[in-house]
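Presented below is the structure to which this report refers.
Convention: sequence-line order gives letters A, B, ...; per-chain numbering from 1. Given the structure is predicted, the values throughout are model-derived calculations rather than measurements.
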Number of protein chains: 2
Amino acid sequence: MLVRKATIHDIAEQLKLSASTVSRALNNSSRISIKTRERVRNAAAELNYMPNHLAMNLRKGRGTTIGVIVPRLNRHFFSHAIAGVESVLNPTDYNLMICQTNEDYETEVKSLQTFINHRIDGIIMSVATGTRKTTHIETALNEGIPVVLFDRMIKNLEVDQVLNDNFTGAFEMTKHLIEQGYHKIFHFSGPLHLELYTDRLNGYLKALKEASIEYRDEWIFNDVLTRDKARMIAEELIKNKNIPDAIFAASDFSALGALLAFKEAGYLIPTQIGIAGFANEPFTELTSPSMTTLEQYSEELGRSAARMLIERMEYKIKGTAPNSVVFKPKLIIRDSTLRLQVKQFDK
Amino acid sequence: MLVRKATIHDIAEQLKLSASTVSRALNNSSRISIKTRERVRNAAAELNYMPNHLAMNLRKGRGTTIGVIVPRLNRHFFSHAIAGVESVLNPTDYNLMICQTNEDYETEVKSLQTFINHRIDGIIMSVATGTRKTTHIETALNEGIPVVLFDRMIKNLEVDQVLNDNFTGAFEMTKHLIEQGYHKIFHFSGPLHLELYTDRLNGYLKALKEASIEYRDEWIFNDVLTRDKARMIAEELIKNKNIPDAIFAASDFSALGALLAFKEAGYLIPTQIGIAGFANEPFTELTSPSMTTLEQYSEELGRSAARMLIERMEYKIKGTAPNSVVFKPKLIIRDSTLRLQVKQFDK
DNA sequence: TTGGATTGTACAATCGATTGCACAATTTTT
DNA sequence: AAAAATTGTGCAATCGATTGTACAATCCAA
């Protein structure tokens with residue numbers, strides 16, 4: 001059943017030509033007569049010939065596969081960013097390989113190494129929260145593999161990047177909360193070695209300052225990204241009767257944890273406490289009350305990263321200063337912070 | 001900056017050996033003295049040698065890359081199935097390539113072709129709802145690439161498969177609804193050319209028969225998998241005052257659409273109408289009321305598929321009858337069908 | 001001491017496709 | 001009609017690693 005696959009030599013033999021002529025014919029070389037090209041194409045179709053990309057890439061010293069590394073596939077944000085990358089790559093010859101790191105540094109290093117071993121030709125990645133070193137990324141760059149980082153940046157690394165304007169997003173969200181009459185606004189932040197979380201923190205701080213709100217360090221909780229951790233902290237706050245007016249979480253998941261904890265404890269949202277997240281995960285629309293958050297245009301982000309990478313790959317402009325594109329997130333105001341028009345389910 | 005990567009020839013030259021000796025040394029051939037092996041290993045490390053997998057696979061006529069094709073990455077079910085596949089593959093030499101089809105047949109064919117072109121060594125896939133033909137899968141099999149299907153099966157295709165016991169799951173869910181006192185139970189089904197949806201339909205029908213409920217064809221709605229479509233149908237029902245006691249949807253997303261439509265129309269869930277889904281997507285826990293559904297053990301499914309594929313790849317047991325593993329889903333009973341103990345939010 | 005076994009290494013072909021160079025045949029130019 | 005340009009094709013090397021076969025050196029036994 002398993003017959004050996006047809007090669008250009010098989011075509012050559014059948015047509016009494018040489019392999020090189022066949023190769024040229026298939027690549028539409030002008031050195032080959034139209035008639036011969038036709039004959040070769042027909043024979044190729046007849047033999048069900050499929051080019052061996054391994055051999056092609058080996059010979060050409062380059063390939064057409066792009067690798068994507070993300071922390072988690074089941075985040076709306078990342079799966080949609082990947083969809084964006086795909087939408088750019090699909091009409092081209094490039095193919096996609098995807099790995100997820102589960103937010104683990106070791107896994108990230110291993111995935112990257114796998115890509116390098118397989119002579120992947122370009123990499124789009126978003127680092128894991130567990131990642132603090134950049135040597136693995138530098139290794140890839142030194143191997144001559146272009147890398148584009150998106151969303152999550154590591155400080156002081158000179159690479160192409162596609163980012164959200166986290167500062168402005170956080171600033172506007174905090175301003176919105178203040179406008180709704182919330183004053184004592186806590187912030188659930190992420191790991192601060194990732195620039196995006198310091199940016200969000202700074203946007204939050206700037207809005208407070210502009211409104212002349214005297215914040216206190218205790219209002220800020222670092223490294224609270226998961227639902228469970230946020231829930232624990234919220235429960236702690238409730239126990240200590242240290243209740244904020246509002247919580248602005250740097251992640252929808254931590255916002256969810258807080259929302260559930262306060263709801264269970266009998267607090268009315270948004271009347272007694274306002275809650276806002278970041279990322280516009282689909283579930284934010286379904287919670288009750290529905291959750292205010294920020295849309296990050298993940299697909300557009302992915303598209304942009306893909307374009308940037310192809311640019312680098314095709315005109316290997318070594319040494320050129322890194323490019324950087326920034327998208328401004330959009331405020332999605334829902335019920336969890338709309339105190340000025342109280343809704344029915346709050347009763 | 002971009003120095004040519006080291007090859008075995010570079011190592012050979014530095015050590016005044018031949019490339020073949022270096023190759024054998026790196027592969028721990030017993031024909032090479034321990035001392036030489038040591039020297040080679042050291043030189044390799046020193047030169048930062050990395051084997052070129054392209055060349056290796058070309059020579060060996062086989063590789064170690066496994067491709068996964070799923071309809072959508074952002075479904076909890078699929079992303080967790082992939083996590084399961086990864087958990088099996090990570091400790092091995094195999095690597096993973098992932099594609100998503102967005103439920104589109106054309107994209108599925110293209111992805112599969114890409115895999116074949118790249119001489120992928122094995123494929124795990126779940127077909128798109130748009131897929132009715134199997135020629136593309138047969139092409140892969142004819143090329144000698146083993147394929148394992150999971151979750152979504154196409155009828156009459158002889159391949160390895162890992163499935164859910166959709167029949168039993170649907171049967172038990174329907175039984176649960178009947179026990180809760182629902183009688184006129186509608187079913188939102190999927191495209192019936194996919195076995196899993198006929199299985200769910202049949203499980204539903206069997207439970208009705210056992211309870212001697214005289215169902216009518218109008219109770220069954222085919223090809224309702226998305227939130228939007230379910231919502232439209234539910235709104236139609238409401239308009240026509242054709243209100244079921246309960247809806248058992250073959251997908252969590254269509255269950256969600258129905259839930260939202262009936263809730264907005266002022267119906268009390270679960271008192272006036274019960275709603276159940278299938279898949280235990282994370283959001284089902286967050287709706288109000290929380291949604292009854294079926295857990296499908298996606299990770300275990302993925303693990304099982306991966307193991308089955310490796311089995312095929314390593315002992316190419318051509319012609320052996322296809323294997324098949326079946327998992328029984330678990331009923332997750334939540335508030336949306338718990339009529340016998342009515343909850344507060346229903347008031 | 002000689003013949004056979006064992007050990008360590010090298011040569012060269014191979015996987016499938018690409019490509020610089022050479023050469024013959026044909027056409028164009030002078 | 002001879003020289004030059006163009007067209008069509010083949011040869012052979014190449015990408016990097018693997019592997020069958022061959023050969024030399026060493027060791028052991030008879």
Between Glu299(B) and Arg303(B), is there a salt bridge with N-O shorter than 4.0 Å?
yes
Any carboxylate oxygen within less than 4.0 angstrom of a Lys/Arg side-chain nitrogen, looking at Lys35(B) and Glu38(B)?
no
Base contacts versus sugar-phosphate-only contacts with protein, heavy atoms under 4.0 Å: please encode nucleotides 7-14 of chain C as B, S and - from 5' to 3'.
BBBBBBBB
Rounded off to whole Å, could you give me the CE-to-C1' distance for the Met56(A) and dT19(C) pair?
14 Å
Ring pair (Phe, Tyr, Trp, His ring centres under 6.0 Å) contacts touching residues 16-39 of chain B (sequence neighbours left out):
none
Can you name the residues that form a side chain to side chain donor-acceptor pair (under 3.5 Å) with Thr131(A), not counting sequence neighbours?
Glu108(A)
Distance in angstrom units between Asp10(B) CG and dC15(D) C1', rounded
13 Å
Which part of the nucleic acid does Asn27(A) contact within heavy-atom distance under 4.0 Å: base, sugar-phosphate only, or nothing?
sugar-phosphate
Can you list every pair that meets ring pair (Phe, Tyr, Trp, His ring centres under 6.0 Å) and has a residue in residues 12-63 of chain A, with sequence neighbours left out?
His53(A)-His118(B)
Rounded distance (nearest 0.5 Å) linking atom CG of Asn52(A) with atom OG1 of Thr7(A):
9.5 Å
Check this for me: does any side-chain nitrogen of one of Glu86(B) and Arg72(A) sit under 4.0 Å from a carboxylate oxygen of the other?
no
Proximity to DNA chain C (any heavy atom under 4.0 Å), residues of residues 46-53 of chain A only:
Tyr49(A), Met50(A), Pro51(A), Asn52(A)
Where at least one partner belongs to residues 84-108 of chain A, residue pairs that pass ring pair (Phe, Tyr, Trp, His ring centres under 6.0 Å), sequence neighbours excluded:
Tyr105(A)-His136(A)
Please state how far atom CG in Leu54(B) lies from atom P in dG16(D), giving the value in whole angstrom units.
10 Å
